[in-house]
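Here's the structure we're looking at; comments come further down.
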Amino acid sequence: MNNLFITFEGGDGSGKSTQVNLLKDYLDNLNFETIKTREPGGTPSAEILRDLLTTGEVEKWTPMSEALLMWASRYEHLIQVIEPALNSGKNVICDRFYDSTYAYQGVAHNLGIDKMEKLKKIIIGDIEPDVTFVLDIDPKVGLKRSLDRPNQENRFESYNIDFHNKIRSAFLEIAKKNKNRCIVVDASLNEQEINNLIITVIDNLITDK
Ligand code: TMP
């Protein structure tokens, strides 16, 4: 099998982290070397940026600074973790990647996807995930789930429901434009049902590669 770069996307409280863990266990059980990681974050310095981005008041960053910090953390993560892992033959499962910047900063913060595409080209180049699972959930349900968890990282959850509705639509639009790699999953299903859907896709990719 050739190794895979797998990303998970979706609104806050869509259950990505649970699915990342279940998929990691599945690939570990098949003895495929796999790392799981996340954005923003994934390296010590990118985790510092994560803390700056995900805690505190919503107004603490202007949208463009927020976007640039997301790209800075992604650059660190790509160079230090993702590329070395892929080059050494490991699978990489990443909880969020650049689609999140397109949806949150490009669309919900109105910076424009075109601007984010330009930054992508400059900063991370042509790298694309082999497959992206977009976990789709009604933001009202997702936000409740997310805010019910005791956590300081709730800066983005503090934006209003319109912001989160825009994010949902943006992810669906991104998935529509990138049918070659994006699979929309109904995140209102139960954990095991979602995991089964994901495993079916991964099994097919493993056999195809
Ligand atoms: P998480 O809680 O899903 O791990 O992500 C942290 C928050 O960061 C989440 O609310 C979405 C936000 N985010 C962006 O706004 N842009 C990005 O590029 C990334 C990766 C995350």
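All heavy atoms count here, side chains included; hydrogens, waters and symmetry mates do not. Model, not experiment: these values are computed from the prediction. When a ligand or atom number is given, it counts from 1 through the structure's own listing order. Heads up: numbering here begins at 1 and tracks the sequence.
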- line: Per the under 4.0 Å non-hydrogen criterion, ligand 1 touches Asp12, Lys16, Glu39, Pro40, Arg50, Thr54, Met70, Arg74, Arg96, Ser100, Thr101, Tyr104, Gln105, Phe156
message: Could you work out, with side chain to side chain donor-acceptor pair (under 3.5 Å) as the rule, every residue matching Tyr26, not counting sequence neighbours?
response: Asp203
Identify whether the distance between the nearest side-chain nitrogen and carboxylate oxygen of [X] and [Y] falls below 4.0 Å.
| X | Y | answer |
| --- | --- | --- |
| Lys166 | Glu173 | no |
| Asp148 | Lys144 | yes |
| Arg149 | Glu157 | no |

- request: Could you list who else is in Ile161's hydrophobic cluster, with ILVMFWY side chains joined at under 4.5 Å, directly or through other members?
  value: Leu143
message: Taking ring-ring contact (aromatic ring centres under 6.0 Å, His included) as the definition, give me every residue that meets it alongside Phe97, ordered by chain and number, with sequence neighbours left out.
response: Phe5
